Amino acid sequence: MTLTPISLVGPTPADHESSSRLENLLREAGLYETSDELAVREEVLRDLQAIVDRWVKRVTAQRGFPDGMAEQATALLIPFGSYRLGVHGRGSDIDALVVGPSYIDRDRDFFAVLGGVLAETEAVTELQPVPRAHVSVIKMSFRGVQVDLLYAGVCLPVVPRDLDLRDRSVFRGMDLASARSLNGVRVADELLRLVPDAGAFRTTLRCIKHWAKARGVYSNVMGFLGGVGWAILVARVCQLYPNAAPSMLVPRFFKIFAQWKWPNPVLLRDIEHDDGGELALRLPVWDPRRNPRDKSHIMPVITPAYPCMNSCYNVSHPTLRTITEQLQIGNGICQEILKGGGAGGWDALFQPFQFFKAYKSYLQVDVKVAGGEADLREWKGWVESRLRQLVNRVEMATASMLLCHPNPKAYAAKPHDLHCTSTFFVGLSKPQQQQQPQVPFDLRVTTEGFKQEVYTYEFWRPGMELEVSHTRRRDLPSYVLEQILPAGHLKRKRVAENNSSPPLSSASGEVKKVAAAGGTGSAPERKRQCCPSSNILPSASVQGVV
C-alpha cells in the first residue's frame, strides 16, 4: 500500500484566516466544551473508576481468593472515542472501556453484578444493559452525562495500572467480544499516531462530524457512518495533504469521497495478520484476499489497529446512496466557497437536511411500550438496530423501484401514564427519471416479515409493540410537527388521535412534487421523483401496515 501524499503544500495567510473563521463557527455551534463542563466530565470518570474498583474487589472476594489478592484487585476505566481523540463537545457521550482480570465473567459479573451496582447508584439514570449487541455495552446517564461502558477481560490475575494496550500481547487468550471492545481504545491511539498534524485533524473532524449530524448521515446503527468511520476518512485526507490547514482539508475531504469508487477500501496503513510467530493470535482480520465474505462489504473503511475491522459494515446500498448524495452536495458547497476565496460561506455547509421537505411519502415505524420510559429505551434501541433491515427489504421487494432514506432521528410522543411511543421515519421516493409505468407497491408481506424478525427479540415482554404504516407528509402526527416546525407554525388541523397513521385507503391523489430541499441555498439538492401515496397498497389484514 502506498501512503505517498498528494500534495505537501502548506497554508497561506488566507487559509489560516479561513480556518479561524471555520473554528469560530464550530465554537458558536457549541462544539467545544467550557472548562466547567470538562471538569464535570473528568469527575464522572473518576467516580466511575471508584465504582469499578469497588466492584472488582467485591467480585474477587466472592470468588474466594485470598484477602491480599482482593485488596490488590483492580480494573482499568479507559475512555476512548471522541473523548480520547480530543473532539468531544457539549453534550457528547463518553465511551469508556473497563479492563478486568481473567476471572471476571462478562455476563455474570459485568452485566449482572456491576449493572446491579450501577442501578443502585443515585447518580445513574437511564440504565440500559445491552449484552447481546455486536459490541455489548451498558448504557447510562451519569450525572447527566451519557456513558457507554464496554468490557474487555485480559488473561492476567491482576491488571496493572500501567497496562500497555498498544502491545499486541494483550490479546493473548482473549475472547473475540473482548477484542472488539478493546479495539476502540487501540484505534483511537493509532489514529492520532498516524495523522501528521493532530490539531488539523481534530478541527477537520469536528467539522465533518458537525456536517454529518446536520445532514442526517451520522449513525452507525442505522447503516450510516459512526464516529470511528468519519474519523478514519478524515485521517486519510490528512495523510494525503499532511501540511494542509483545516480550511484546505475540508474541501478536499468532500472532493475525494464524493467520487470515491466503493467498494475500494479506505486504509491508513497496511493490513497486518498474526498467523504465526510467538503469539499466533489468529484473530479475524478484514482482508478480502483471505476472507471471501469481506468482498461483500459495500463501504470498507478499515480500522488501523490490529485486528483490522471494517468500521462501516452496517452500510447498505440504500444508505451508501444517501451518504454519496450528501457528500456530493457538500462538495458543491465547498467549491462555491473556494470560488469566493474561502472568505466565508462555511455556515451553508452545516445547514440541516430538511428531511420532511424532501419526501411526501414515508414509512412510519411506531415503537410502543406499556411499561414506561425504561422499557421504551430498551425496545426502541432494539428496533433501531433492525431498521436498516426494513430499508433493505423494501428496496429488494420492489426491485429498487422504491428507494428508501431512513431518518436517524426518533420522534417521541408525550407519554400517557406508562404508555410511551417513539417514531422513526423512512422517506420513500422513486429513481430519478424512472420510465416504468405507474405500478402499485404492495409491502404487506415485506413489513410483516420485518415485524416478525423484530419480535424475535430475546427480552421481548408483553406491552412491547411495533407498528409499520404508510403516511403522507401532510398527515404526519402532530407530535412530530411540533418538533419540526418553528414555534407558532403548527396548524391545528389534526384529529383527536395523533399517534396513529390514517388508513391508506383514504389517500387522495398525488400532491405536488417537491425537491429534496436541504436549506442551504447554495447548492440545489438532487430532485427526487416522489412516490405517490396511491401507489402503495394498504393492508387488508393488519391495520395501518403498508
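Because the structure is predicted, anything quoted here is derived from the model rather than measured. Just so you know, residue 1 is the first one in the sequence shown, and it goes up from there.
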Check: [X]/[Y] side-chain N/O donor and acceptor closer than 3.5 Å:
X      : Y      : result
Thr60  : Tyr103 : yes
His470 : Gln364 : no
Asp366 : Thr423 : yes
Asp167 : Ser169 : yes
Ser316 : Thr319 : yes
Gln146 : Glu126 : yes
Gln326 : Arg215 : yes
Arg106 : Ser178 : yes

Below 4.5 Å, heavy atoms only, C-beta onward: do [X] and [Y] meet side chain to side chain?
X      : Y      : result
Leu31  : Arg90  : no
Ser422 : Tyr411 : no
Leu97  : Leu149 : no
Cys420 : Glu373 : yes
Leu165 : Leu182 : yes
Val135 : Ser181 : yes
Val301 : Met299 : yes
Arg84  : Ile78  : yes

Carboxylate-amine/guanidinium proximity below 4.0 Å for [X] and [Y]:
X      : Y      : answer
Arg46  : Glu43  : no
Arg132 : Asp107 : yes
Glu467 : Lys368 : yes
Arg202 : Glu23  : no
Asp189 : Arg166 : no
Glu122 : Arg143 : no

For a side-chain contact (heavy atoms from CB on, under 4.5 Å) with Ile232, tell me which candidate from Ile302, Leu225, Thr303 qualifies.
Thr303

[X] to [Y], cation-pi by 6.0 Å centre distance and 45° axis angle:
X      : Y      : answer
Lys451 : Tyr455 : no
Arg206 : Tyr32  : yes
Arg386 : Trp382 : yes

Mark yes when over 12 heavy atoms from residues, nucleotides or ligands other than Lys380 sit less than 6.0 Å from its NZ; otherwise mark no.
no

Counting only heavy atoms from other residues, nucleotides and ligands, does the tally under 6.0 Å from CG of Asp67 exceed 12?
no

Which heavy atom of Gln49 sits nearest a heavy atom of Ala75, and at what distance?
NE2-O, 2.8 Å

Looking only at heavy atoms, the pair that brings Asp105 and Arg63 closest together is N-NH2, 4.3 Å

Using salt bridge (charged side-chain N to carboxylate O under 4.0 Å, His left out) as the criterion, point out the one residue from Asp95, Asp148, Asp93 that pairs with Lys139.
Asp148

Determine yes or no for a side-chain-to-main-chain donor-acceptor pair under 3.5 angstrom, with [X] supplying the side chain and [Y] the backbone.
X      : Y      : answer
Glu482 : Ala413 : no
Asn183 : Pro307 : yes
Gln128 : Arg377 : yes
Ser296 : Arg293 : yes

Taking it one step at a time, do Gln389 and Asn392 satisfy side chain to side chain contact (heavy atoms under 4.5 Å, CB included)?
CA-CA 5 Å; Gln389 303 300 333; Asn392 294 336; 4.2 Å; yes

Rounded at 0.5 Å granularity, tell me how far [atom1] in [X] sits from [atom2] in [Y].
X      : Y      : atom1 : atom2 : value
Leu48  : Leu118 : CG    : CG    : 7.0 Å
Arg58  : Arg54  : CZ    : CZ    : 11.0 Å
Asp175 : Arg180 : CG    : CZ    : 9.5 Å
Leu387 : Met222 : CG    : CE    : 4.5 Å
Phe224 : Trp230 : CZ    : CH2   : 9.5 Å
Glu190 : Cys308 : CD    : SG    : 9.0 Å

Pair [X] + [Y]: ring centers closer than 6.0 Å:
X      : Y      : answer
His273 : Tyr306 : no
His405 : Tyr359 : yes
Phe111 : Tyr151 : no
Phe424 : Tyr362 : no

Apply side chain to side chain contact (heavy atoms under 4.5 Å, CB included) to Trp55 and Asp109, showing your working.
CA-CA 9 Å; Trp55 159 73; Asp109 298 322; 4.2 Å; yes

